[in-house]
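What follows is a short report on a single structure.
Quick note: numbers below take in every heavy atom, side chains included, and nothing from hydrogens, waters or symmetry partners.
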Amino acid sequence: MSPVAAQAISTGRLDLLPLHVEHAEEMASVLSDPALHTFIGGTPDTPQALRARYQRVTAGSPDPAVSWLNWVIRLRDESCLTGTVQATVSFSGHGPIAEIAWVVGTPWQGRGIATEAAQGLVDWLNQQPVHTVIAHIHPKHRASAAVATAAGLTPTDEWHEGEIRWHRSIRR
């Protein structure tokens, strides 16, 4: 499997822009609410810590068979960043899979941004050499479950680190 690279994705209201280290300052503000860590743990990163993390992820996976794809979510009408989406593309015994995740800053929640961004990401993945899309969602995180459902994923009986595995097969 050849590596997959993040490309700009446009939806009705959003631009999903490939992540750059320069996004760290604005994203530190977007992701500064400790409530965003209720289900995933940890605390908000400082701009410096986020810059260091963005340097690591934009450098790419050390495993050439794994592609780390990261985007910031830009709300076009407000010209601001509102969150991130990501996909880790790797090979399994059933073909290439993409494990996706999303986060939207507290001030922009409840406006359908995560849903639109996740749908845009899954639509883009449908055009890539990916056969399966998965996400791991905390069983009490109803908002993320709604986003996953809207993106065409369904819950499975599988658990991973206290979260339910959601799945979508891409038919070719």
Side-chain angles (χ1 to χ4, degrees), residues 3-9 11 14-20 23-24 27-28 30-45 49-50 53-61 63 66-75 81-92 96-106 108-126 128 130-156 158-170:
V4 179
Q7 300 169 346
I9 302 167
T11 67
L14 309 173
D15 292 316
L16 308 183
L17 305 172
L19 178 72
H20 293 286
H23 292 128
M27 286 307 301
V30 169
L31 302 174
S32 65
D33 186 350
L36 291 174
H37 296 266
T38 299
F39 296 107
I40 61 172
T43 58
D45 283 330
L50 205 53
R53 179 157 44 112
Y54 287 179
Q55 285 173 332
R56 286 190 305 277
V57 299
T58 58
S61 170
D63 182 343
V66 175
S67 297
W68 290 346
L69 311 174
N70 295 273
W71 293 264
V72 291
I73 304 168
R74 181 178 171 274
L75 183 58
L81 302 182
T82 62
T84 63
V85 290
Q86 64 187 46
T88 300
V89 179
S90 59
F91 191 78
S92 76
I97 64 168
E99 183 173 343
I100 65 171
W102 51 86
V103 63
V104 170
T106 306
W108 299 277
Q109 291 180 1
R111 295 169 58 181
I113 292 170
T115 297
E116 187 174 331
Q119 287 173 329
L121 175 58
V122 171
D123 288 347
W124 182 82
L125 288 166
N126 282 337
Q128 307 307 311
V130 171
H131 295 285
T132 304
V133 177
I134 62 170
H136 295 100
I137 300 173
H138 191 280
K140 293 183 180 178
H141 201 316
R142 290 188 305 231
S144 277
V147 169
T149 299
L153 282 77
T154 56
T156 69
E158 296 177 50
W159 288 75
H160 176 75
E161 296 179 3
E163 296 180 322
I164 298 170
R165 179 179 171 147
W166 288 62
H167 175 273
R168 175 180 173 165
S169 294
I170 298 175

[atom1]-[atom2] distance between [X] and [Y], expressed to the nearest 0.5 angstrom:
X      : Y      : atom1 : atom2 : answer
Ile40  : Ser144 : CD1   : OG    : 9.5 Å
Asp45  : Tyr54  : CG    : OH    : 8.0 Å
Ile9   : Asp123 : CD1   : CG    : 9.0 Å
Arg168 : Thr149 : CZ    : OG1   : 12.0 Å
Leu69  : Gln128 : CG    : CD    : 8.0 Å
Ser90  : Glu99  : OG    : CD    : 7.5 Å

Within the 4.5 Å heavy-atom criterion, are Met27 and Thr84 side-chain neighbours or not?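 They are in side-chain contact.
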Determine whether Val130 and Ile97 make a side-chain contact, defined as any pair of heavy atoms from C-beta on separated by less than 4.5 Å.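 No, every pair of side-chain atoms sits at 4.5 Å or beyond.
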Under the side chain to side chain contact (heavy atoms under 4.5 Å, CB included) criterion, do Ile100 and Ile134 qualify, and how do the steps go? CA-CA 6 Å; Ile100 65 171; Ile134 62 170; over 6 Å; no
So, for [X] and [Y], which heavy atoms are closest and what is the spacing to 0.1 Å?
X      : Y      : result
Ala98  : Val89  : CB-CG2, 4.0 Å
Leu36  : Gly105 : CD1-CA, 4.2 Å
Val30  : Gly83  : CG1-N, 3.8 Å
Ala24  : Leu50  : O-CD2, 3.6 Å
Leu81  : His23  : CD1-CD2, 3.8 Å
Pro139 : Gly162 : CD-O, 3.4 Å

Test side chain to side chain contact (heavy atoms under 4.5 Å, CB included) on Val104 and Ile73; report intermediate values, then the result. CA-CA 8 Å; Val104 170; Ile73 304 168; 4.1 Å; yes
Aromatic contact between Trp124 and Trp71, with the criterion being ring centroids under 6.0 Å apart: yes or no?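 Yes, close enough.
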Taking only residues two or more places apart in sequence, or in another chain, which ones meet Asp15 in a salt bridge (Lys or Arg N to Asp or Glu O under 4.0 Å)?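 For Asp15, the residues satisfying salt bridge (Lys or Arg N to Asp or Glu O under 4.0 Å) (neighbours in sequence not counted) are Arg74, Arg76.
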Residue list, salt bridge (Lys or Arg N to Asp or Glu O under 4.0 Å) with Glu116, at least two apart or on another chain: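 With neighbours one apart ignored, the set is Arg13.
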Side chain to side chain donor-acceptor pair (under 3.5 Å) partners for [X], two or more places apart:
X      : value
Arg165 : none
Asp33  : Thr106
Arg111 : Glu78
Glu158 : none

Dump the intermediate steps for side chain to side chain contact (heavy atoms under 4.5 Å, CB included) on Trp166 and Thr156, then the final yes or no. CA-CA 6 Å; Trp166 288 62; Thr156 69; over 6 Å; no
Let me see the working for Thr132 and Ile170 under side chain to side chain contact (heavy atoms under 4.5 Å, CB included), right down to the final yes or no. CA-CA 6 Å; Thr132 304; Ile170 298 175; over 6 Å; no
Val72 pairs by side chain to side chain contact (heavy atoms under 4.5 Å, CB included) with which of Val85, Leu17, Thr82?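 With Val72 as partner, Val85, Leu17, Thr82 yield a single side chain to side chain contact (heavy atoms under 4.5 Å, CB included), made by Leu17.
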Just to verify, which of Leu121, Thr115, Val122 counts as forming a side chain to side chain contact (heavy atoms under 4.5 Å, CB included) with Gln119?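 Per the side chain to side chain contact (heavy atoms under 4.5 Å, CB included) rule, the option paired with Gln119 is Thr115, out of Leu121, Thr115, Val122.
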For the residue pair Glu163 / His141, report whether a side-chain donor-acceptor contact shorter than 3.5 Å exists.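 No, no side-chain donor-acceptor contact under 3.5 Å.
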Do His37 side-chain atoms and Pro34 backbone N/O form a donor-acceptor pair below 3.5 Å?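 No, the answer is negative, given that no donor and acceptor are paired below the 3.5 Å cut-off.
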Any sub-3.5 Å donor-acceptor pair from Gln86's side-chain atoms to Trp68's backbone N or O?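 Here the side-chain-to-backbone pair does not exist.
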